[in-house]
Amino acid sequence: MTPEHLTNFSKMCEEAIGIANKIDLPEFSFDKIAICGVGGSGSVGDLAADLLRYDSAMEVVVVKSYRLPAHIDENTLVFCVSYSGNTEETLRAFAEAHKRNCKIISVTSGGKLAEWSKKLNLPVILIPSGYQPRDAVPYMFLPILICLQEFGLKNFEEDLQESVDVTKKIELKPLDELAEKIKNSDVAIYGSEEFAGVIRRFKNEFNENAKITVKYDAFPELNHNEINGYERNGKQTSVILLRDKDEGDEIKVRIETTKEIFKDYIHSVHEIWPVGSSKLAKIVSYVYMASYLTAKIAELVGINRERVVFVDRLKVELKNKLNSVGKLEKNLF
Ligand code: F6R
């Protein structure tokens, strides 16, 4: 059965675009962008970096920890993304960005992030609550693009429309078959560096939905180190290659050659191809497929994909030990 967030995926994308279009943005000028967030919310930075890295001169810094890099200053547009709005790493990055006079826009469904942004009179994109953070990626990712469009970085209109359309065209049968084939094996996810963020998103979805650890890496770098690991222990591993019709000859030949070599060392090789022609549509289709595939595996092996026992337990224990958010709040106000 297709999970609810996926049956509503294209509607979610349309709604996300609608929410962002209503935001009254300040007139920010900036020379670089930082996107802060962890976990499901952190995927947003990875995906934005994939989208813009080779296509825009604007630097995109992805921050997945407490501290901001030294060069993040008052000329940086900082997106603080936390679905719950209560994640300590992102709140700490928010507080530091505020201290450095960065231009801040928060994306959240509520929590402290919404509360602090309002108190400090900073723009906040409020998205619907009630989802698992990782399932709400369209609500967090697409509004950031609308903001960047408003600030004149790039016009995403056509690509956004294509992204909404492609999610209706994704063929699910090959993903059902793949889920059946790999449901009990070790998994590795590899693809071109152009999709490094998507590769990581696949890995995260395997972790959080299918509850397994996976290997992940990008071509060409993995050809220089990771593949050597298979000399000793690859026989249980199913490799998923994230392909792209526009990957370019160097990457294409590398992947094809690696595939041939893999045959002697690993359990099986599989490929997933994105749908669409724009990079954005490809990214969005990959996000959909990663979610679908890993939810399907969870269903086949009979686990509850929504529960994230470790994450929840860790957050409670850290709160008790550190009370970081309480301390930050005290310093901010
Ligand atoms: C759970 C999930 C997690 C959270 C992460 C950060 O579904 O996706 O990876 O995203 O623990 O929490 P938020 O997104 O609320 O900042």
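Order of appearance sets the numbers: ligands from 1, and atoms from 1 within every ligand. Because the structure is a prediction, the values reported are computed rather than measured.
Lys119 forms a cation-pi arrangement with Phe333, by the criterion of a distance under 6.0 Å to the ring centre and an angle within 45° of the ring axis.
Annotation for Leu153 and Ser56: closest pair CD1-OG, 4.0 Å, computed over non-hydrogen atoms. Considering every non-hydrogen atom in both Arg305 and Lys211, the closest pair reads O-NZ, 2.9 Å. Counting all heavy atoms, side chain and backbone alike, Met289 lies closest to Pro274 at CE-CA, 3.8 Å.
At the shortest separation from atom 13 (P) of ligand 1 among protein heavy atoms lies Thr87 OG1, 3.2 Å. In this structure, the protein non-hydrogen atom closest to atom 3 (C) of ligand 1 is Glu208 OE2, 3.4 Å. In terms of protein heavy atoms, atom 14 (O) of ligand 1 is closest to Ser41 OG, 2.4 Å.
Counting the atoms of ligand 1 from 1 in the order shown, those under 4.0 Å from a heavy atom of Val311 are 11 (O). Near Ser82, with a cut-off below 4.0 Å to any heavy atom, the atoms of ligand 1 are 13 (P), 15 (O), 16 (O).
Of the polar atoms of Thr90, none of the N or O atoms is found under 3.5 Å from an N or O of ligand 1, judged by distance alone. At a 3.5 angstrom cut-off on N or O pairs, Gly40 counts as close to ligand 1.
Using a 30° and 60° split on the angle between ring planes, Phe262 and Tyr190 fall in the parallel class, below 30°.
Linking ILVMFWY residues whenever their side-chain heavy atoms come closer than 4.5 Å, directly or via other members, leaves Tyr66 and Val81 in distinct clusters.
At a 4.0 Å cut-off, at least one heavy atom of Lys315 sits close enough to ligand 1 to count as contact.
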